[in-house]
Structures are given as structure tokens and as C-alpha cells.
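To start, the structure under review is shown below, and the notes come after it.
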Amino acid sequence: MTITITAFERSPDGGKGLARDTRVRWALEEVGQPYEVRLVSFRAMKEPAHLALHPFGQIPTYEDGNLALFETGAIVLHIAEHHAGLLPDDPNARARAIAWMFAALNTVDQPILELVIAKFVEGDKPWSKERLPLVMDRIRDRLGQLSARLGDADWLDGAFSAGDLMMVSVLLRLRASGILDEFPNLAAYVARGEARPAYKRAFEAQLAAARIF
Ligand code: GTB
């Protein structure tokens, strides 16, 4: 059975790899699973056929046989649990890698999404200029903590895992802001993630899809 994921027909980032299908592609590439992609328009995302797969009308989704999943955390965890390469065998190390996935999505992504909202959704509001530095400081605090924990290690907890895949994916969204450069070990960590052959294949695949339109 072929795995099928969905992605934007026209990604608003024009192929910078920031849409969340990239992390699913990356996970599939890391574990060596072939997959197909169904590109969906913004209109189709809100229609019944797609809503049956994704209650919030978003991408990405994941289909494999009679399993349909949404939420990138759940999708990447499913991939990691069913194929070798993204989670350690040792039960405690495995639990810690999963904790890093949750940390990326629940703790680090949260202030980053606030920045996206402050800049792109509320950018024209009169109070936006005052709010932005506060949001940046919240991100800075979180990155400082993450940076302290990473130290001079290559990855967050031993070998590369699904926790790193998710953390790098979340941090990548900050590149344009320049704030990552304030934390050289985090900038290097992200660069290490991007240098992985599996990431490169995932990035190229999403870029090729963006170039169709
Ligand atoms: N929590 C969900 C998950 O992790 O799967 C969030 C999924 C999600 O946010 N999907 C977005 C979506 O479908 C695309 S990835 N949005 C359409 C909608 O809600 O109607 C988020 C995203 C979008 C655009 C950029 N960009 O242009 O840079 C980056 C990331």
C-alpha cells in the first residue's frame, strides 16, 4: 500500500519548505518509505472530501491503507514507531525522544506561532509595533533555555531522533527573523538538520511541487 500525504497546491512560502508537509516528507525520507503527494487547493481543503481526512481543513494529512491521520506530531510519531531510524530502541531513550517532539510542538512552537500571528495577521493593528518586541523576547527566553540544554552536542539526546526532526522543523520558521543567529549552537543545530540527505530530499520534493504552479 502506498503512503499518500497532502500538501499545498500553492504553498504561500513559494517552496521555502516551511509548510508542514516538509516535516512529514523528511520523516518518510529518514526511514526510507516511498510516498505519493496529493496537492490540494485552499478551496478543496475546506470541502467534505478533505474535511473527512482533516477536521480542521488543513494540510498535511497521511493515508496508508485504511489509516488516515492528521496532525504532524501524530503523523511523524506513527512513522517513527513503525519504521526503524527515528526512535531509539531503549525504552527510556525512546520516551525522551518523544518528549522532545512534544517540547518542539507545545513549548517551542508556541511563541514562534505568536510571532507569525503578530507579523502577518496583526501586522496592521495599531498596537502591533509595541507587541512585537514582547513576542521576540518570549522566543528569546525559550531559545536561551533550549540553547543551554543543547550545549555543544550535535542532537538533543544522543543520536538524531524524531525529537530533533520536529525541533529543527519548528526552529526553521525563525530563520527569516534573524533571531536564531543570536544562538550560534542552535543555528548550527538547524544547519545540521538541513544538511541531512533525507532533509535535502524532502526539501527538493516540496520545492518541485511548488514550482509546478
Ligand atoms: N497542528 C497542525 C499540524 O501540525 O499538522 C497544523 C497544520 C497547519 O498549520 N497546516 C497549515 C494549513 O493547512 C499549513 S502548514 N493552513 C491552511 C488553513 O489553515 O486553512 C502552516 C504554514 C503555512 C504557511 C507557511 N508559509 O507560508 O510560510 C508556513 C507554515
Side-chain angles (χ1 to χ4, degrees), residues 3-30 35 37-64 67-81 86 97-124 132 135 139 161-180 190 193-194 199 202-213:
I3 293 169
T4 303
I5 68 166
T6 52
F8 280 134
E9 185 181 77
R10 286 169 201 265
S11 183
D13 73 353
K16 290 197 182 77
L18 298 176
R20 293 181 183 215
D21 56 291
T22 304
R23 61 186 66 168
V24 175
R25 293 173 188 268
W26 185 7
L28 289 166
E29 292 287 354
E30 288 285 351
Y35 63 97
V37 183
R38 193 167 61 245
L39 300 178
V40 287
S41 65
F42 277 95
R43 188 174 49 78
M45 266 185 255
K46 309 301 174 197
E47 287 175 352
H50 189 76
L51 286 170
L53 293 172
H54 197 307
F56 308 115
Q58 297 183 313
I59 61 95
T61 56
Y62 171 101
E63 291 159 82
D64 186 11
L67 173 68
L69 280 178
F70 60 98
E71 284 297 330
T72 52
I75 296 170
V76 171
L77 183 56
H78 175 79
I79 294 167
E81 280 185 325
L86 282 172
I98 294 169
W100 279 116
M101 289 183 68
F102 278 85
L105 294 171
N106 287 350
T107 306
V108 178
D109 203 25
Q110 201 190 345
I112 296 175
L113 288 181
E114 267 190 69
L115 176 64
V116 174
I117 292 170
K119 272 191 173 169
F120 301 110
V121 183
E122 300 169 348
D124 59 347
L132 210 53
V135 173
I139 295 176
S161 77
D164 295 296
L165 184 152
M166 202 55 91
M167 191 64 81
V168 169
S169 299
V170 162
L171 293 176
L172 270 168
R173 194 130 190 213
L174 284 174
R175 171 156 292 143
S177 73
I179 200 169
L180 269 181
V190 169
E194 289 177 296
Y199 177 84
F203 183 89
E204 286 306 321
Q206 66 77 38
L207 182 60
R211 282 189 177 139
I212 295 172
F213 292 94

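We count ligands from 1, going down the list as the structure has it; atoms in each ligand are counted the same way. Computed from a predicted structure; not experimentally measured.
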statement: From the list Gln58, Met45, Arg43, side chain to side chain contact (heavy atoms under 4.5 Å, CB included) partner of His50 resolves to Met45

task: Within a distance under 4.0 Å of any heavy atom of Leu18, pick out the atoms of ligand 1 and give their elements.
output: 28 (O), 29 (C), 30 (C)

Proximal candidate to atom 18 (C) of ligand 1 [heavy atom criterion; set Glu71, Lys46, Lys16]: Lys46

Non-hydrogen atom of Phe8 closer than 4.0 Å to ligand 1: yes

task: Give a yes or no on whether the backbone of Leu174 and the side-chain of Ser177 come within a donor-acceptor separation of less than 3.5 Å.
output: yes

- prompt: Which residue owns the protein heavy atom closest to atom 25 (C) of ligand 1, what's the atom, and how far is it?
  reply: Arg173 NH2, 3.9 Å

- request: Check the angle between the aromatic planes of His78 and Tyr62 and answer parallel, tilted or perpendicular using the 30° and 60° thresholds.
  value: perpendicular

query: For atom 8 (C) of ligand 1, which candidate among Leu105, Val170, Ile59 provides the closest heavy atom?
result: Ile59

message: Please check: side-chain N/O of Thr6 versus main-chain N/O of Thr61, any donor-acceptor pairing under 3.5 Å?
response: yes

statement: for atom 15 (S) of ligand 1, nearest protein heavy atom and its distance come out as Arg20 N, 3.4 Å

- prompt: What closest approach, in Å, do Leu165 and Ser169 show between heavy atoms, and which atom pair accounts for it?
  reply: O-OG, 2.6 Å

CG on Asp164 to CE on Met167, rounded to 0.5 Å: 8.0 Å

- line: Partner of Ile3 under side chain to side chain contact (heavy atoms under 4.5 Å, CB included), picked from Val37, Asp64, Val24, Ile75, is Asp64

query: How far is atom 7 (C) of ligand 1 from its nearest protein heavy atom, and which residue and atom is that?
result: Gln58 OE1, 3.3 Å

- prompt: With atoms numbered from 1 as shown, which atoms in ligand 1 lie under 4.0 angstrom from a non-hydrogen atom of Asp13?
  reply: 26 (N), 27 (O), 28 (O)

message: Taking 4.0 Å as the limit for heavy-atom contacts, which would you say applies to Phe70 with ligand 1: side chain only, backbone only, both, or neither?
response: neither

task: Please indicate whether any nitrogen or oxygen in Thr72 is less than 3.5 Å from any nitrogen or oxygen in ligand 1.
output: yes

